[in-house]
K.L.:
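I have a structure here, written as structure tokens, and I will follow up with some questions on it.
Residue numbering restarts at 1 for every chain, and letters A, B, ... go by the order of the sequence lines.
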Amino acid sequence: MDLNLNRADYLQVGVTSQKTMKLLPASRYRATQKVVVGDHDGVVMCFGMKKGEAVTVFKTLPGQKIARLELGGVLNTPQEKIFIAAGSEIRGFTKRGKQFLSFETNLTESIKAMHISGSDLFLSASYIYNHYCDCKDQHYYLSGDKINDVICLPVERVLREVPVLACQDRVLRVLQGSDVMYEIEVPGPPTVLALHNGNGGDSGEDLLFGTSDGKLGLIQITTSKAIHKWEIRNEKKRGGILCIDSFDIVGDGVKDLLVGRDDGMVEVYSFDNANEPVLRFDQTLSESVTSIQGGCVGKDGYDEIVVSTYSGWVTGLTTEPIHKESGPGEELKINQEMQNKISSLRSELEHLQYKVLQEREKYQQSSQSSKAKSAVPSFSVNDKFTLNKDDASYSLILEVQTAIDNVLIQSDVPIDLLDVDKNSAVVSFSSCDSESNDNFLLATYRCQANTTRLELKIRSIEGQYGTLQAYVTPRIQPKTCQVRQYLIKPLSLHQRTHFIDHDRPMNTLTLTGQFSFAELHSWVVFCLPEVPEKPPAGECVTFYFQNTFLDTQLESTYRKGEGVFKSDNISTISILKDVLSKEATKRKINLNILYEINEVSVKHTLKLIHPKLEYQLLLAKKVQLIDALKELQVHEGNTNFLIPEYRCILEEADHLQEEYKKQPAHLERLYGMITDLFIDKFKFKGTNVKTKVPLLLEILDGYDQNALIAFFDAA
Amino acid sequence: MLLPVFTLKLRHKISPRMVAVGRYDGTHPCLAAATQAGKVFIHNPHTRSQHFSASRVFQSPLESDVSLLNINQAVSCLTAGVLNPELGYDALLVGTQTNLLAYDVYNNSDLFYREVADGANAIVLGTLGDISSPLAIIGGNCALQGFDHEGNDLFWTVTGDNVHSLALCDFDGDGKKELLVGSEDFDIRVFKEDEIVAEMTETEIITSLCPMYGSRFGYALSNGTVGVYDKTARYWRIKSKNHAMSIHAFDLNSDGVCELITGWSNGKVDARSDRTGEVIFKDNFSSAVAGVVEGDYRMDGHIQLICCSVDGEIRGYLPGTAEVRGNLMDTSVEQDLIRELSQKKQNLLLELRNYEDNAKAELSSPLNEADGHRGIIPANTKLHTALSINLGSEAQAAHAELCISTSNDTIIRAVLIFAEGIFLGESHVVHPSIHNLSSSIRIPITPPKDVPVDLHLKTFVGYRSSTQFHVFELTRQLPRFSMYALTSPDSASEPLSYVNFIIAERAQRVFMWLNQNFLLPEDTNIQNVPFQVCFTSLRNGGQLCIKIKLSGEITINTDDIDLAGDIIQSMASFFAIEDLQVEADFPVYFEELRKVLVKVDEYHSVHQKLSADMADNSNLIRSLLVRAEDARLMRDMRTMKNRYMELYDLNKDLLNGYKIRSNNHTELLGSLKAVNQAIQRAGRLRVGKPKNQVITACRDAIRSNNINTLFRIMRVGTASS
């Protein structure tokens, strides 16, 4: 069956956070439901739709920014009490808007995630998890990395409390009381958790997770271990997942999976006979989807997917057809409703415009006086700067509640800005005088009308570090811009992992000296991405990293006065050595640096690079041949006379070209890394081999693995 | 929602912009397009059984309804249409860098095959002005040529630079077609036969032009801009990061007015309203669009819009019926309208809140450090801009300079300048490092051409520690001749070359013109007639002197003929002069031109000699091959080997010969371009009728190979002495 959903916009509120919109339970099957939504202005709004008009049930006064909104109630009764988390406070409202609870948690950080089950309240701030029962403190846990979401398996079904934390370091932590029962590694930083089918599946133990790099998975949390059931890789390179819900929108009796992503994609997965998810529907809404839920809002009898977006739109994707087939009269009525809506909007606009004009004049007048001040209107920028594992590049996503006028990108490190197909903004690179002004990149993105979201792709070089700045100017008056800074770290292409191969030949860098644990931790944070800023608990800590481009690894273990870094890639060690000694000198700390170089590791790294390099060379060669072969094909009419290899190229032509396009400058990057490896190997020996680099490049041009290894050995 | 009525997938690549639909047999429309390896394919879905069996055309081995036409040279332009009205069917015209072929597909014969030295970058077919027979007009290196169906050269003129696009359009509404020419120097010129009636300067190379209706026409630039002109006024334009590959006018929503259909390099096709540029329809191909044409391809009496991608995918769209007018997109209009209105409302609310916040901030304590961080600045902060000339230093070449400063202690974090044509991209950014922040910034500007440019400035103003900045937006115009610095008259050694003319204008008006077009220091005051002003070019140090006598006679001394032309054209438009005859002398330039003309002759003779050599060699090859094969049959291996060795040597010679020939050809093209440009420049020194007279006279002089006359014309403007 083809799923066909039509978009209907209901209402716009302020900027919304993740998971801040819910539908109140319906009074009967397929009756219209009310929507509750909380925004950054602190307003909770509950509304229903009547004849295409949004009718407000209640609306609270502005307050602190609302981070989460959940429904709760006595177990096994309709969950229709509204709970919101704002700052460090939890507030409860009845469905009529009467406040019945105001609970100040006294947490030092503001609350980021919340789960409610009966009288149990599970909260998490950035690093702290707290469990309250009847507003009394029960359990507490301090996480090593940021907590993105918290959930608890349904108590009524598994008959025990099993809270699960989604932590930024790619781990789900399953708790028991105040202790971690076990940890589950997931393929990306998890951003959202949800119960499978809304109730934990057959066992009540099935948990869905979504990651910030767009992956989706199902895990069964048993008492002793976790069982991975399925996982959807993000093949189409879509955005990170922000919200998940289960609802039978297809109408086949099985609950489907509704997913909202931060690039505006709404997806519906249904389950096949083997209980594997299959994509059934997708639609893009051009801005982050912060909450999603299935239900019935616009018209009773028609199921729909209700979503809220970053800029506060509450939108339905409904099964109700736009143009009714019943008769021409009906259609007219719909049009009439629309017309009413439009005319009321227009009159509202006129009124506002008049008011704005007055204020504008006042503002202009104030600029005449010498005492007056002019404040910059603040606007919120939703940004995300993440490393993509697949092509070892960073993506920077900027989202503003109103249309963006232009974005200026400035960087004081050499980086490449890559083109993103989805963007319609016109990019222009400006020349920059790097010596006097520390500019290596100056580029402007002039956005087309109605662009609220901009995605950029950036390629960094390991060892070169600094800051990337984005000046975002939206199209609101008075014109202002906001600057956002992003650090390009020295080992920018490394990613946290939890397991490494200990059998590889390793080079070791040992630091000793008069420095504290926190100091060394801050240096590690400075050098490597994905390390929590707060020094972890305990005296000694170990982090594992993987180079996303070369698959080499790094192990860092440190405590007060000593740090040990092990990597199979000499360049990694070399960069660390340079950066750490520079940092220590800056703080006037005396460092003892010892390094132990393993000659075999160079050969090992070259072997790691070999298949990638060979593949790229072959690909380049094949792509070069495609056009000539196609011409031959046109000329001769068939391909029988070609050798099988060439015929194969012709058959795969499209695929090859796509692959080639996907990885621009891949070969150059590999060459660069081999050159670095070569220079670094001899740097540790105390010889400068820069003069031999042209020779190396010559060898790379006629690539042969053995010749390359021999050259490394001989030089 | 408009869906394609047919989709075809041909297994031939299609070269961008080289697609045409024609009825080559008078009834069945066929699609002709240039493909790889110097071939043109003709897709004929209607008469399957027909087979061509001649030298030029052969059946495509890949598809039964496609035949291939061998051109053996890279095709540079292609079109189809009625060239000979008596014939009753369309001819196919194929241009390459050296030739133009008019081809009768039905009879499989050449209508004519002409050598065109200036190449054919663009082609258009139709009637021009009062010339009765249809012409195939090609645009090459600075030259335009029109041929009738017999290959007679009925139209010839020159233009400013290499031609990239052509179109025929009734520009002045007199019922006759004018020729629109888009060229490499960013200009769109309108030719009424061989007289230029209008010139519009754009910001990039004009890659496509298409007539819409009446005097309206669409254009596309190589930087991704498309837009619509009505006469000399631009209606709208939009810029995309992709490139417009092909544009075409077609009434897709049946409202009686053509929309501008654009095929983009990313595979998108969109239709935009001719009035507003609003998108009314779009579709996507998987690869770049090669061409957009129209034709009744299904032969059911309805004209379809036909879009072709470079990978050979072809889609046809029928115009929407009147009921779905304005509703070709799949989302409903009302929804969009509501969304737009709500967005507007939200913006206004935000703005209102901004003012409220501002009022609150005002009530609080006086300005302090924390305010600076939040981006609060004194409300009376003003931004001053000034344009001046900087004569440069050892480290930096001379340049025009834009100075921006704030009126108090606030700092300028960054300046964005959006301007077209004077920077590498569309913008220039100045972002000082955190240590060099100050309340004023000097920005060097060096426009590469003498054109007036609007500088749209966005200045980020705040404090050192701010994370939010105020954006001051303002626009300054950079005068046309900003790269010329005023110098004192006596110090300049006056250039020998000059132009001389008389205009009836008061000195004050001339001074106004000077003030508007040059960056004069502020204290320059009006001198009494006669006066003279001298300038030095910041680009090459060349001198420029403008003298005005009491009689209204103006003399401009400069060695740069282009500059002289620019000044005269600028004056003519400022003083609204319709006709201006000029006396000019550029001894250095004319001497160079003389040398070029001599060279052209040389290249021509070398070309002939080389061609003769090649013909000789090919005879030799034939005989050698025969002899070698004879020897093989006689089993005289030794002789055979020798013969083949000779053949090998000869082949090498031929290859070398080819290299010389192609070098010679490029040189020839370069020289021809220089000659064409010289005529154009001589024309630009005059205005109105005298201008056209000069161009026509120069052309005649070159045809008759009378170099001395040519120079006389360039000097005094007429051939008769």
K.L.:
Does the side chain of A:Gln448 reach to within under 4.5 Å of the side chain of B:Lys239, using non-hydrogen atoms?
P.N.:
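Counting from C-beta outward, A:Gln448 and B:Lys239 never come under 4.5 Å.
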
K.L.:
Against chain B, label A:Asp412 side chain, backbone, both or neither, depending on which of its atoms sit under 4.5 Å from a heavy atom there.
P.N.:
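For A:Asp412, no heavy atom lies under 4.5 Å from chain B.
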
K.L.:
Within this structure, what is the CD-CZ distance for the pair B:Glu351 and A:Arg360, rounded to the nearest 0.5 Å?
P.N.:
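Between B:Glu351 CD and A:Arg360 CZ, I get 4.0 Å after rounding to 0.5 Å.
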
K.L.:
Strictly distance-based, threshold 3.5 Å: is any side-chain N or O of A:Thr480 a donor or acceptor partner for the main-chain N or O of B:His470?
P.N.:
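Here the side-chain-to-backbone pair does not exist.
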
K.L.:
Would you please test A:Lys479 and B:Phe472 for side-chain contact (heavy atoms from CB on, under 4.5 Å) and show each step?
P.N.:
CA-CA 7 Å; A:Lys479 272 272 171 79; B:Phe472 285 77; over 6 Å; no

K.L.:
Using non-hydrogen atoms and a 4.5 Å limit, figure out which bit of A:Gln358 sits close to chain B: side chain, backbone, both or neither.
P.N.:
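Neither part.
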
K.L.:
Quick check for you: among B:Ile434, B:Asn223, B:Leu348, which has the greatest number of heavy-atom pairs under 4.5 Å with chain A?
P.N.:
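Result: the option with the highest number of such pairs is B:Leu348.
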
K.L.:
Taking C-beta and beyond as the side chain, do A:Val483 and B:Phe469 meet within less than 4.5 Å on heavy atoms?
P.N.:
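They are in side-chain contact.
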
K.L.:
Do B:Leu352 and A:Lys355 touch side chain to side chain, with heavy atoms closer than 4.5 Å?
P.N.:
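A side-chain contact exists here, since the closest heavy-atom pair is under 4.5 Å.
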
K.L.:
Would A:Leu345 and B:Lys345 count as a side-chain contact (heavy atoms from CB on, under 4.5 Å) here? Give the steps.
P.N.:
CA-CA 8 Å; A:Leu345 259 173; B:Lys345 179 182 148 191; 4.1 Å; yes

K.L.:
Heavy-atom distance under 4.5 Å to chain B: side chain of A:Val13, backbone, both or neither?
P.N.:
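For A:Val13, backbone heavy atoms alone lie under 4.5 Å from chain B.
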
K.L.:
So what's closer than 4.5 Å to chain A heavy atoms on B:Glu473: side chain, backbone, both or neither?
P.N.:
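When you check distances to chain A, only side chain atoms of B:Glu473 fall under 4.5 Å.
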
K.L.:
If I measure from the heavy atoms of chain A, does B:Phe460 come under 4.5 Å with its side chain, its backbone, both, or neither?
P.N.:
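Interface part for B:Phe460: side chain.
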
K.L.:
Heavy-atom distance under 4.5 Å to chain B: side chain of A:Ala425, backbone, both or neither?
P.N.:
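The backbone, not the side chain.
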
K.L.:
Is any side-chain heavy atom of B:Lys458 less than 4.5 Å from a side-chain heavy atom of A:Asp405?
P.N.:
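Yes, their side chains come closer than 4.5 Å.
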
K.L.:
Donor-acceptor pair, A:Ser430 side chain versus B:His428 backbone, under 3.5 Å?
P.N.:
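Absent.
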
K.L.:
Taking all heavy atoms of B:Lys13 and all of A:Asp627, pick out the closest pair and write down the distance.
P.N.:
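In terms of heavy atoms, the two residues are closest at CE-OD1, 4.3 Å.
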
K.L.:
When rounded to the nearest 0.5 angstrom, what distance separates NE2 in B:His456 from CZ in A:Arg446?
P.N.:
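Output value for this atom pair is 9.5 Å.
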
K.L.:
For B:Phe418, which atoms come within 4.5 Å of any heavy atom of chain A: side chain, backbone, both, or neither?
P.N.:
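The side chain, not the backbone.
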
K.L.:
Between A:Thr473 and chain B, which part of the residue has a heavy atom less than 4.5 Å away: side chain, backbone, both or neither?
P.N.:
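Side chain only.
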
K.L.:
Is chain B contacted by the side chain of A:Gln482, its backbone, both, or neither, given a heavy-atom distance below 4.5 Å?
P.N.:
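Contact with chain B: backbone and side chain both.
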
K.L.:
Looking only at non-hydrogen atoms, find the nearest pair between B:Ser240 and A:Val426 and report the distance.
P.N.:
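Closest pair (atom of B:Ser240, atom of A:Val426, distance): C-CG2, 3.9 Å.
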
K.L.:
Side chain, backbone, both or neither: which part of A:Arg484 has an atom under 4.5 Å from a heavy atom of chain B?
P.N.:
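For A:Arg484, there is no contact with chain B at all, as no heavy atom is under 4.5 Å.
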
K.L.:
For A:Ile476, is it the side chain, the backbone, both, or neither that has a heavy atom closer than 4.5 Å to a heavy atom of chain B?
P.N.:
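The side chain, not the backbone.
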
K.L.:
How are the rings of B:His431 and A:Tyr471 set to each other: parallel, tilted or perpendicular (split at 30° and 60°)?
P.N.:
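The rings of B:His431 and A:Tyr471 stand perpendicular, inter-plane angle above 60°.
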
K.L.:
What distance separates B:Leu349 CG from A:Thr402 OG1, expressed to the nearest 0.5 Å?
P.N.:
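B:Leu349 CG to A:Thr402 OG1: 12.5 Å, rounded to 0.5 Å.
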
